[in-house]
Amino acid sequence: MISMANALHNAAISTITFGDQYSISRSVFSSLSTLPLRAMQKGKHVELNRTVVVVKAKTRSDFDDTHVDISLSQRVNAVKPSKTVAISDHATALLQAGVPVIRLAAGEPDFDTPAVIAEAGMNAIREGYTRYTPNAGTLELRQAICHKLKEENGITYTPDEIVVSNGAKQSVVQAVLAVCSPGDEVIIPAPFYVSYPEMARLADATPVIIPTHISNNFLLDPKLLEANLTERSRLLILCSPCNPTGSVYSKKLLEEIAKIVAKHPRLLVLCDEIYEHIIYPPATHTSFASLPGMWDRTLTVNGFSKTFAMTGWRLGYVAGPKHFVAACGKIQSQFTSGASSISQKAGVAALGLGCAGGEAVSTMVKAFRERRDFLVESFREMDGVKISEPQGAFYLFIDFSSYYGREAEGFGIIENSDSLCQYLLDKGLVALVPGSAFGDDTCIRISYAESLTTLKTAVERIKKALVPLSSAALV
């Protein structure tokens, strides 16, 4: 700045350029030796002895001859954007524009966070509990998680075997990054949560997709698993209850899978148990890490978003052998650091509600089951529609492929799940997610995390929109 002032004093030109962002123009040069340097700010006019000095930012035209490399990394280019997020955002934009769209795309409970949990968060703010926490999470919360896992899941951990993150999604991606190397294979049963394959690609690993079938309730066939394992297989990802199908893995089936996993020393298992308490009897939840010989090779991911209706609080965790969990913590320390101090206080309160979330959660689950039963009954009566009744979560994954190949007047041909969902959004004003996002193009996903009244209206709209397709000839 001193050299700039000297230049202003001595120069005989009307404009002086300095740095990459600013230029100075003058009308008359008087003595500037007394001009405060702090006055030379962007856009500031300074008058001294009737001398005007203007400091301004360069405009875009000043850089027109500069060529910027706008290429992105190969890693990012290999990742696909989330269709669920894109569709949810689009539906929200339509709603804000006054279009009466029913949004059944997002996986978010429509209930408020239970009052006890919300109050704990507000108390944290009132009491000034608003600073950084340890990277792995507060000891209080990690101890509460250890207690929960032992009492509810039958698996024992110490606080240094837990890392708390900003949502279970972060916990999953950090686990994948921690254990996978370039060339490793990540085994993923389809239909799958949309982000699993992309997380594998972020780790420069290869997603290996194993299809499942609606006739088998979308559950992984152990024989197919065994046939797809190689020396490069590093991680098997299981989600139970499953997003998007609502399928629940029985203990017997998990034991069969565990026997196969045990034959492969390099193979680890990541179990996403975020929906564990949204489950409908007689189905029951079994943690894979609780099976004989599986604790040492299992990373268990869970969180608070679904069970406790805390999606906006962003709080999840991973539990596993210290060696792996410490690696997850190392990534987090250079990525986001610890989760919100306020959310962690709320998390402690959530785990204090009792086994499986107590009455607050059971009330929500009862409502979800009522909605599920209504949807299953409504769609089963339709010709050409196949349904696997979900045993958990709050999704219905329905096979509508019998409508593919039909032409809708004013729309065009229904070619796949993407075009069917677009048609239902255009004609029925209902936002759904195409099965292609989950690795099964025959189906579409309906979230029933909405009121029963809203779901009844949505079903009416969907059925009405499909009537013209039912009578349309195959193209």
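Looking only at distances, a side-chain donor or acceptor of Asp440 sits under 3.5 Å from a matching main-chain atom of Thr442. When atom types are taken as modelled, the side chain of Asp399 and the backbone of Ser401 share a donor-acceptor pair closer than 3.5 angstrom. Side-chain atoms of Ser470 come within 3.5 Å of backbone N or O of Leu466 as a donor-acceptor pair. Judged by distance alone, the side chain of Thr245 and the main-chain N or O of Ser247 form a donor-acceptor pair under 3.5 Å. A donor-acceptor pair is defined here as one N or O able to donate and one able to accept, closer than 3.5 Å; such a pair exists between the side chain of Asn416 and the backbone of Asp418. A distance-only check finds no donor-acceptor pair linking the side chain of Arg234 to the backbone of Leu267 [under 3.5 Å]. The main-chain N or O of Ile414 is never found under 3.5 Å from a side-chain atom of Arg406 such that the two would form a donor-acceptor pair. Under the 3.5 Å distance criterion, the side-chain polar atoms of Lys463 are matched with a main-chain donor or acceptor of Ser378. For Thr113 (side chain) and Ala309 (main-chain N/O), a donor-acceptor pair under 3.5 Å exists by modelled atom type. Arg461 contributes a side-chain N or O that, together with a main-chain N or O of Leu429, makes up a donor-acceptor pair within less than 3.5 Å.
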Which atom pairs, donor and acceptor, lie under 3.5 Å between side-chain atoms of residues 91-104 and protein residues at least two apart or in another chain?
unit_1, atom_1, unit_2, atom_2, d
Thr92, OG1, Ser88, O, 2.9
Thr92, OG1, Arg103, NH1, 3.1

Identify every side-chain donor-acceptor pair in residues 348-357 under 3.5 Å, counting partners at least two apart or on other chains, and give the distances.
none

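Between Phe374 and Val459 there is a side-chain heavy-atom pair separated by less than 4.5 Å. With a 4.5 Å cut-off on side-chain heavy atoms, Thr212 and Asn216 do not count as touching. Residues Lys366 and Glu370 are not in side-chain contact: their nearest non-hydrogen atoms beyond the backbone lie 4.5 Å or more apart. The shortest side-chain heavy-atom distance between Leu291 and Thr286 falls under the 4.5 Å cut-off. For the pair Leu236/Leu238, a side-chain contact is recorded, criterion being any heavy-atom separation below 4.5 Å from C-beta on. Counting heavy atoms from C-beta on, the side chains of Val208 and Val186 never come closer than 4.5 Å. Residues His213 and Leu219 form no side-chain contact, since every pair of their non-hydrogen atoms from C-beta on lies 4.5 Å or further apart. Put simply, the side chain of Tyr196 does not reach to within 4.5 Å of the side chain of Pro189, judged on heavy atoms.
Ser195 and Glu198 share no side-chain donor-acceptor pair at under 3.5 Å. Between the side chains of His277 and Glu152, a donor-acceptor pair is found at a separation under 3.5 Å. At a cut-off of 3.5 Å, with distance as the only test, a side-chain donor of Lys83 or Ser436 sits close to an acceptor on the other residue. Checking Asn123 against Glu127 by side-chain atom types alone, no donor-acceptor pair falls below 3.5 Å. Side chains of Asn135 and Ser337: a donor-acceptor N/O pair is absent below 3.5 angstrom, by distance only. Defined by atom type and a distance below 3.5 Å, a donor-acceptor pair is missing between the side-chain atoms of Ser240 and Glu273. Asn153 and Glu276 form a side-chain donor-acceptor contact under 3.5 Å, judged by distance and modelled atom types alone. Under 3.5 Å, the side chains of Ser451 and Thr454 contain a donor-acceptor pair of N or O atoms. Ser305 and Trp313 share no side-chain donor-acceptor pair at under 3.5 Å.
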Next on the checklist: Evaluate Phe438 against Tyr193 for ring pair (Phe, Tyr, Trp, His ring centres under 6.0 Å), listing each step before the verdict.
Outcome noted: CA-CA 6 Å; Phe438 308 101; Tyr193 173 53; 8.1 Å; no
Item to check | Asp441 and Tyr404: CA distance, side-chain angles, deciding distance, side-chain hydrogen bond (donor to acceptor under 3.5 Å, both in side chains) verdict | outcome: CA-CA 10 Å; Asp441 194 41; Tyr404 298 174; 4.7 Å; no
Item to check | Glu450 and Arg371: CA distance, side-chain angles, deciding distance, salt bridge (Lys or Arg N to Asp or Glu O under 4.0 Å) verdict | outcome: CA-CA 8 Å; Glu450 283 289 351; Arg371 300 168 187 180; over 6 Å; no
Next on the checklist: Does Phe192 form a ring pair (Phe, Tyr, Trp, His ring centres under 6.0 Å) with Phe218? I'd like the steps, not just the answer.
Outcome noted: CA-CA 10 Å; Phe192 46 71; Phe218 297 113; over 10 Å; no
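To the nearest 0.5 Å, atoms OG (Ser343) and CG (Leu315) are separated by 6.0 Å. Between the CD1 atom in Ile187 and the CG atom in Leu270 there is a gap of 13.0 Å [rounded to 0.5 Å]. To the nearest 0.5 Å, atoms OG (Ser417) and CD1 (Ile398) are separated by 13.0 Å. With rounding to the nearest 0.5 Å, the separation of CD in Gln74 from CG in Asp204 is 9.0 Å. Note that the CZ atom of Arg266 and the CG atom of Leu235 stand 10.5 Å from one another [nearest 0.5 Å]. Here the OG-CG distance, from Ser287 to Leu149, works out to 7.0 Å after rounding to the nearest 0.5 Å.
Contact between Lys427 and Gly410 at its shortest, heavy atoms only, is NZ-O, 4.3 Å. Of all heavy-atom pairs between Leu299 and Ala175, the closest is CD1-CB, 4.0 Å. Ser233 and Glu185 get closest at one heavy-atom pair: OG-OE1, 3.6 Å. Pairing each heavy atom of Cys271 with each of Phe288, the nearest pair is SG-CB, 3.1 Å. The shortest non-hydrogen separation linking Pro207 to Ile188 is CB-CD1, 4.0 Å. Considering every non-hydrogen atom in both Val301 and Val172, the closest pair reads CG1-CG2, 3.7 Å.
By the 6.0 Å and 45° rule, Arg372 does not stack over the aromatic ring of Phe394. Annotation: cation-pi pair Lys345/Tyr129 present, NZ/CZ under 6.0 Å from the ring centroid and within 45° of its normal.
Within 6.0 Å of atom CD in Glu389, more than 12 heavy atoms from other residues, nucleotides or ligands are found, so the atom counts as buried in its surroundings. Residue Glu381 qualifies as enclosed at atom CD: its count of foreign heavy atoms under 6.0 Å is above 12. Within a 6.0 Å sphere centred on NZ of Lys148, other residues, nucleotides and ligands contribute more than 12 heavy atoms. In Asn77, the CG atom is crowded: over 12 heavy atoms of neighbouring residues, nucleotides or ligands sit closer than 6.0 Å.
Note: Tyr157 and Trp295 meet the aromatic proximity criterion, with ring centroids under 6.0 Å apart. For Tyr395 and Tyr275, the ring centers are positioned less than 6.0 Å apart.
For residues 320-336, the salt bridge (Lys or Arg N to Asp or Glu O under 4.0 Å) pairs, not counting sequence neighbours, are Asp160-Lys322.
With salt bridges taken as basic N to acidic carboxylate O contacts below 4.0 Å, none links Arg142 and Glu161. For the pair Arg126 and Glu119, the salt-bridge criterion is met [side-chain N within less than 4.0 Å of a carboxylate O]. The residues Lys306 and Glu108 are annotated as not salt-bridged, no charged nitrogen and carboxylate oxygen being separated by less than 4.0 angstrom.
Ring geometry, Tyr403 versus Phe400: the interplanar angle falls from 30° to 60°, so the pair is classed tilted.
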